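Before any comments, here is the structure.
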Amino acid sequence: MARKNVSAVSQTATSPKRTTRSKPEDETNDDVLSPEVYSFEGVVYDTYQEMVNAKRQRNQQMLRDSGLLTAKEELIQMQMKRKPAASQGIKKRKVEVTATERRKSKRIAGIESENIYVENESAGRFTIASDGNTKSTEGDVEEKPNVREEHYRNRVNDGEGLSIEQAVKLTGSKWVQETSVETAINFVRDELVHLIDRKVANNHVSPKSVRSLGDDESLSEDWLKTAVNQLSVEDVDKCVAKVVPDRIYGITVHPSANQVIAAAGDKSGYVGIWNVDGASKVNDGVHLFKYHSGAVSCLEWTSSGSKLLSGSYDGTVRVFDVEKESMVQHFATVDESFSKDHLGYGLDTGYSFWTQYACIDGRFMTDQCFFVSTSIGTALHVDLRSKGQVTFNRQWSEKKINTLSLHPNGYSMISGGLDCTVKLWDLRKLSKSQDIPVAEYFGGKSINSAYFSPKGRFVVATTMSDKLDIVMDFHLEKRSSKPTKPWKSIRHDNKTGRWLTTFNARWHPSLDIFCVGSMAHPRRIEIFSPDTELVRGVSGDALTAVASRCCFHPSTDRLIVVGGNSSGRVTVVR
DNA sequence: TGATTTGTTAGGACT
DNA sequence: AGTCCTCCACAAATCA
């Protein structure tokens with residue numbers, strides 16, 4: 001029907017050339033506005049309908065050619081074919097269902113409950129306030145639940161150290177198995193203790209990973225490229241384990257050169273340690289503890305590997321001392337109802353206060369000095385060595401500070417948080433009045449995290465404006481009116497939504513590469529190097545969920561990355 | 001102005 | 001296979 005019109009190249013759909021021709025009989029419309037020639041892409045059609053059909057065909061073809069349809073299909077397939085979650089790791093104990101009768105509400109019947117308390121009711125029903133006020137946020141709940149609140153802010157205790165047995169038992173009947181306490185104690189005594197680097201612990205020698213900085217010829221760019229390209233996550237049975245019950249907020253790897261011991265902290269205060277290659281007949285290598293009552297956002301081993309520091313939203317910093325077999329409380333924020341002698345006295349300002357971040361002060365080879373940031377924009381330094389005191393407590397922001405990072409020079413520190421800026425501070429020049437940052441980097445939106453690279457050349461900031469911003473030599477910035485510009489800005493979807501822990505790009509402890517989770521399909525963990533073009537997204541059968549928090553093993557002989565997801569599973573990439 | 005609500009988002013547990 | 005639950009994440013819009 002269609003005639004090829006060779007001379008119609010100039011005829012476009014927007015400027016049809018009008019010519020007269022005889023109308024088909026069925027077309028009775030004499031309206032001058034109706035086009036008399038139905039031309040589309042150089043082809044003249046007899047009827048309007050034919051032209052429309054041709055146009056539709058063209059559009060269909062365009063859609064097919066674009067690959068959108070197959071991409072859509074693949075996406076659907078991907079979601080349909082979603083693999084079941086890896087079963088290795090902690091398991092809920094099966095609760096025998098013996099009840100044959102339907103449960104009746106004692107509350108509705110008006111019967112007082114005895115010895116029952118709300119341990120952790122989901123939000124929207126009961127909010128258990130820290131100061132002992134129990135407020136129901138829903139109007140239909142008239143009776144207040146019988147809440148047992150033995151400890152300040154619902155913490156696990158009032159500050160005493162916990163034994164391994166206690167920490168295991170606190171995980172609750174849901175998770176504790178008959179052999180849990182025994183296997184955990186054995187793991188600490190037979191494995192963890194032997195992984196402590198005595199030279200580092202006793203002689204204050206820098207750990208191996210730091211010592212090999214830059215001088216090692218084997219760490220060439222080629223080596224790095226090969227190592228990164230060799231990373232994989234394929235074996236579901238070996239690479240993934242459920243380590244904690246809830247969403248992972250904090251993750252780290254033990255610094256031992258030969259073993260992979262991953263530790264993860266979750267939203268509700270659990271800490272799980274996974275001896276990745278240490279599965280036995282009685283235990284699959286995962287040991288679960290609970291010694292916090294709020295999200296464990298930070299986990300960090302001392303460089304000798306003898307202590308695991310944990311910072312939690314519950315306002316406490318604890319240290320799992322492998323040799324003492326104890327989870328010792330190092331720091332706890334309290335309000336003014338406490339004694340003034342209490343370390344952390346008066347810091348807790350109530351409702352909207354919590355401790356967001358904690359990290360070891362890298363200047364000293366000890367867990368006794370650490371930094372803490374808070375939801376109200378303050379940054380603290382605690383030194384337990386001499387008098388055991390808060391060395392400084394500075395208001396560095398109007399809003400929450402998500403991370404702190406100290407430059408290897410020992411005095412340049414950056415803070416990043418909801419005020420959308422990465423601020424540079426000089427710890428030698430903290431004024432008596434209000435601190436003014438040396439420099440500021442504006443990230444557009446909130447800063448999820450900002451860290452100095454191991455040698456301090458770069459800062460990588462993960463921002464809510466969907467970028468990974470790399471700033472070079474930020475610590476050298478001087479006070480000036482010029483805003484700091486990023487050296488590189490990598491587009492990166494950081495919209496994790498409220499069910500997923502936010503992304504934090506984190507450096508290798510001694511190499512200039514960093515890892516970060518990703519929303520991309522298939523799920524992957526990304527590795528970037530700022531000064532080379534090295535970029536890799538590692539995906540594989542074992543990586544089925546978004547790894548919100550990732551970190552590198554300190555080894556420079558081989559690369560190992562661990563990632564934690566929103567169901568408490570840890571994935572090992574190596 | 002501060003307070004409150006809503007949109008976004010993924011994964012597993014349960015029925 | 002489908003429904004429910006998560007709800008100290010943050011941004012933007014709307015309310016008081």
Side-chain angles (χ1 to χ4, degrees), chain A residues 75-76 78-87 89-95 97 120-130 137-138 153-154 174-175 240 242-250 265-269 292-298 311-316 333 348-357 373-377 398-403 416-420 443-449 462-466 493-504 517-524 543-549 563-571:
Chain A
L75 256 174
I76 290 166
M78 203 144 45
Q79 273 156 13
M80 298 299 280
K81 274 194 230 155
R82 188 137 148 202
K83 284 168 192 129
S87 58
I90 56 166
K91 284 168 196 76
K92 250 189 202 169
R93 212 165 66 176
K94 275 177 194 155
V95 181
V97 185
N120 183 22
E121 189 61 70
S122 63
R125 285 273 141 182
F126 307 112
T127 309
I128 299 159
S130 58
T137 52
E138 294 223 339
R153 279 198 95 133
N154 223 21
K174 228 191 228 174
W175 300 102
V240 195
K242 190 164 170 100
V243 176
V244 281
D246 219 323
R247 264 165 66 181
I248 289 178
Y249 273 63
D266 80 359
K267 197 172 76 68
S268 38
H292 286 292
S293 63
V296 180
S297 57
C298 308
S312 166
Y313 287 7
D314 69 10
T316 67
T333 57
D348 184 350
T349 53
Y351 167 65
S352 59
F353 174 90
W354 68 90
T355 50
Q356 174 70 21
Y357 183 79
S373 83
T374 73
S375 62
I376 56 166
E398 295 293 302
K399 292 175 176 168
K400 189 176 85 173
I401 295 175
N402 275 324
T403 61
L418 297 198
D419 62 5
C420 306
K445 298 231 172 87
S446 289
I447 310 293
N448 287 351
S449 70
T462 311
T463 76
M464 288 303 286
S465 52
D466 283 344
D493 181 4
N494 294 329
K495 285 192 286 293
T496 44
R498 63 179 159 157
W499 314 133
L500 295 182
T501 311
T502 53
F503 293 145
N504 284 184
S518 168
M519 299 297 283
H521 286 280
R523 299 310 186 199
R524 67 192 193 198
L543 193 62
T544 54
V546 176
S548 290
R549 295 279 158 100
N565 69 27
S566 79
S567 68
R569 288 181 169 80
V570 169
T571 308

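What's counted below: heavy atoms across the whole structure, side chains too, no hydrogens, waters or symmetry copies. Quantities reported herein were computed from a predicted structural model and do not represent experimental measurements. Here is how names work: the chains are called A, B, and so on, in the same order as the sequence lines, proteins then strands, and each is numbered from 1.
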Exercise. Given side chains that start at C-beta, do those of A:Ile90 and A:Lys242 come closer than 4.5 Å, heavy atoms only?
Worked result: yes

Exercise. Of A:Lys495 and A:Lys242, whose nearest nucleotide on DNA chain B comes first from the 5' end?
Worked result: A:Lys495

For this session: Nearest-nucleotide wise, let me know which of A:Phe353 and A:Cys420 is further upstream toward the 5' end of DNA chain C.
Result: A:Phe353

Exercise. Under 4.0 Å: is that the gap between some side-chain N or O of A:Arg247 and OP1 or OP2 of B:dA10?
Worked result: no

Exercise. According to the 5.5 Å centroid and 30° plane-angle thresholds, does A:Tyr313 stack upon the nucleobase of C:dC8?
Worked result: no

For this session: Pick the C1' atom in C:dC8 and in B:dA13, then give their distance to the nearest Å.
Result: 24 Å

Exercise. Does A:Trp499 or A:Pro245 map to a spot on DNA chain B nearer the 5' end, using the closest nucleotide for each?
Worked result: A:Trp499

Exercise. Should we say atom NZ of A:Lys91 is surrounded by more than 12 heavy atoms from elsewhere, each under 6.0 Å from it?
Worked result: yes

Problem set entry | Given C:dA11, B:dA10, B:dG12, the nucleotide with the shortest approach to the side chain of A:Ser567 | B:dG12

For this session: State, yes or no, whether a side-chain contact exists between A:Thr374 and A:Ile401 at a heavy-atom distance under 4.5 Å.
Result: no

Exercise. Whole Å only: how far is the CD1 atom of A:Ile376 from the C1' atom of C:dC8?
Worked result: 14 Å

Exercise. Tell me: CG of A:Leu418 to C1' of C:dA9, nearest whole Å?
Worked result: 8 Å

Exercise. How long is the line joining CZ of A:Arg523 and C1' of B:dT9, in whole Å?
Worked result: 10 Å

Exercise. Are the side chains of A:Thr502 and A:Arg549 in touch, meaning some heavy atoms are under 4.5 Å apart?
Worked result: yes

Exercise. Within the structure, does a side-chain N or O atom of A:Asn402 lie under 4.0 Å from either OP1 or OP2 of C:dC10?
Worked result: yes

Seminar exercise, completed: Among the nucleotides C:dA11, C:dC8, B:dG12, whichever has the atom closest to the side chain of A:Trp354 is C:dC8

Problem set entry | B:dT8 base / A:Arg498 side chain donor-acceptor hit below 3.5 Å | yes

